Amino acid sequence: MPRRKGTVRLMTHKGQAVHVRIHTLITDGDRQESHTMEAGGRLLQGSGLLVIRFTEPKEAGERPTTQQIKCTESEMTVRRQGQVTMNQRFSEGVTTEGVYETPELRMPMETTTTRLSQEWDDVSGRGEIALSYDLVLQGEKTGRYDMTITLKEATAT
């Protein structure tokens, strides 16, 4: 259940500027991989829904990839468009299907979500989404993914 403090803000189209940090730990048997991505983005919120929009940092020559993450108390959807395209829904205790696409290939994916939580504190301007899931790509289990999305309201300088 999301914890909210301070005043409730109504969702606006513009949203508020936030710093987004996504840390992912992938465990496949004895092997572990860790990835971190940071970007500036926008947070829209209202009625128990957090919506985060941002553009991922890109390598030279790649086209930009934008992400939109929608998260409620019980479900999260991730939509990526650009160099990598992905649409996936996560719901705790549920196995869901999605698609992962690059310019070279298209792979069906299946996720079984074991944990999903979100919180946003209006007073401190900080929040976090925690997600754990098992991923199967093209019928092959690729491991357990533990993802933490940390949000911090960007301050004007």
Side-chain angles (χ1 to χ4, degrees), residues 9 11-28 31-72 74-92 94-120 125-157:
R9 296 182 187 178
M11 190 172 292
T12 65
H13 293 298
K14 186 176 176 187
Q16 64 193 86
V18 290
H19 178 79
V20 180
R21 180 180 187 272
I22 300 177
H23 177 76
T24 306
L25 178 64
I26 305 164
T27 305
D28 185 12
R31 188 178 66 86
Q32 283 195 329
E33 248 180 83
S34 181
H35 301 278
T36 301
M37 192 255 347
E38 297 189 36
R42 307 294 294 173
L43 170 69
L44 296 91
Q45 59 173 316
S47 302
L49 173 68
L50 295 179
V51 179
I52 307 146
R53 294 183 180 142
F54 61 93
T55 301
E56 296 178 11
K58 64 182 184 110
E59 300 292 324
E62 286 185 348
R63 39 179 242 223
T65 298
T66 59
Q67 259 197 67
Q68 176 175 284
I69 299 170
K70 291 183 181 180
C71 189
T72 67
S74 61
E75 189 171 286
M76 181 169 120
T77 57
V78 176
R79 296 186 193 279
R80 294 174 77 192
Q81 293 184 312
Q83 189 71 17
V84 172
T85 299
M86 181 186 85
N87 292 308
Q88 187 62 38
R89 181 175 64 89
F90 301 90
S91 184
E92 194 168 326
V94 177
T95 300
T96 57
E97 295 178 357
V99 175
Y100 182 92
E101 289 183 79
T102 69
E104 297 79 30
L105 58 103
R106 176 183 168 96
M107 296 184 286
M109 53 186 236
E110 185 178 277
T111 58
T112 303
T113 305
T114 55
R115 182 177 73 133
L116 174 62
S117 66
Q118 61 115 321
E119 65 178 78
W120 176 259
R126 295 177 185 263
E128 182 177 280
I129 298 169
L131 174 68
S132 295
Y133 61 94
D134 294 312
L135 176 65
V136 174
L137 275 175
Q138 292 188 308
E140 295 290 322
K141 185 174 178 183
T142 63
R144 157 140 331 223
Y145 289 65
D146 293 299
M147 181 183 297
T148 304
I149 303 169
T150 306
L151 305 167
K152 180 180 176 186
E153 192 169 11
T155 55
T157 56

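The shown structure was predicted, so the numbers you read here are calculated from the model rather than taken from an experiment. Computed over heavy atoms, backbone and side chain alike; hydrogens, waters and symmetry mates excluded.
Taking the six-membered ring where tryptophan is involved, the planes of F90 and Y133 are tilted, since the angle between them lies from 30° to 60°.
A donor and an acceptor atom, one from each side chain of T96 and E110, are nowhere located under 3.5 Å apart. Side-chain contact, E56 with T65: no donor N or O sits under 3.5 Å from an acceptor N or O. Judged purely by distance below 3.5 Å, without hydrogens or angles, the side chains of T148 and H23 never pair a donor atom with an acceptor atom. If you check the side chains of T66 and T55, you find no donor sitting under 3.5 Å from an acceptor. Residues Q88 and T111 bring a donor and an acceptor atom of their side chains to less than 3.5 Å of each other. Under 3.5 Å, the side chains of R144 and T114 contain a donor-acceptor pair of N or O atoms. Side-chain contact check for D134 and T112: no donor-acceptor pair (N or O, by modelled atom type) lies under 3.5 Å.
Residues R115 and E92 are not paired through a salt bridge, judged by the lack of any N-O separation under 4.0 Å between the basic side chain and the carboxylate.
Pairing each heavy atom of Q81 with each of T85, the nearest pair is CA-OG1, 4.1 Å. Closest heavy-atom contact between L44 and G15: CG-CA, 3.9 Å. Across every non-hydrogen atom of Q118 and G48, the tightest pair is NE2-O, 3.3 Å.
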Residues Q16, E153; criterion side-chain hydrogen bond (donor to acceptor under 3.5 Å, both in side chains); working and verdict: CA-CA 7 Å; Q16 64 193 86; E153 192 169 11; 3.1 Å; yes

Test side-chain hydrogen bond (donor to acceptor under 3.5 Å, both in side chains) applied to Q68 and R53, step by step: CA-CA 5 Å; Q68 176 175 284; R53 294 183 180 142; 2.7 Å; yes

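T113 places none of its side-chain heavy atoms less than 4.5 Å from the side chain of S91. The shortest distance between side-chain heavy atoms of C71 and L116 falls below 4.5 Å.
Here the CZ atom belonging to R126 is positioned 12.0 Å from the CD atom belonging to E119, to the nearest 0.5 angstrom.
For the pair T102 (side chain) and L105 (backbone), a donor-acceptor distance under 3.5 Å is present.
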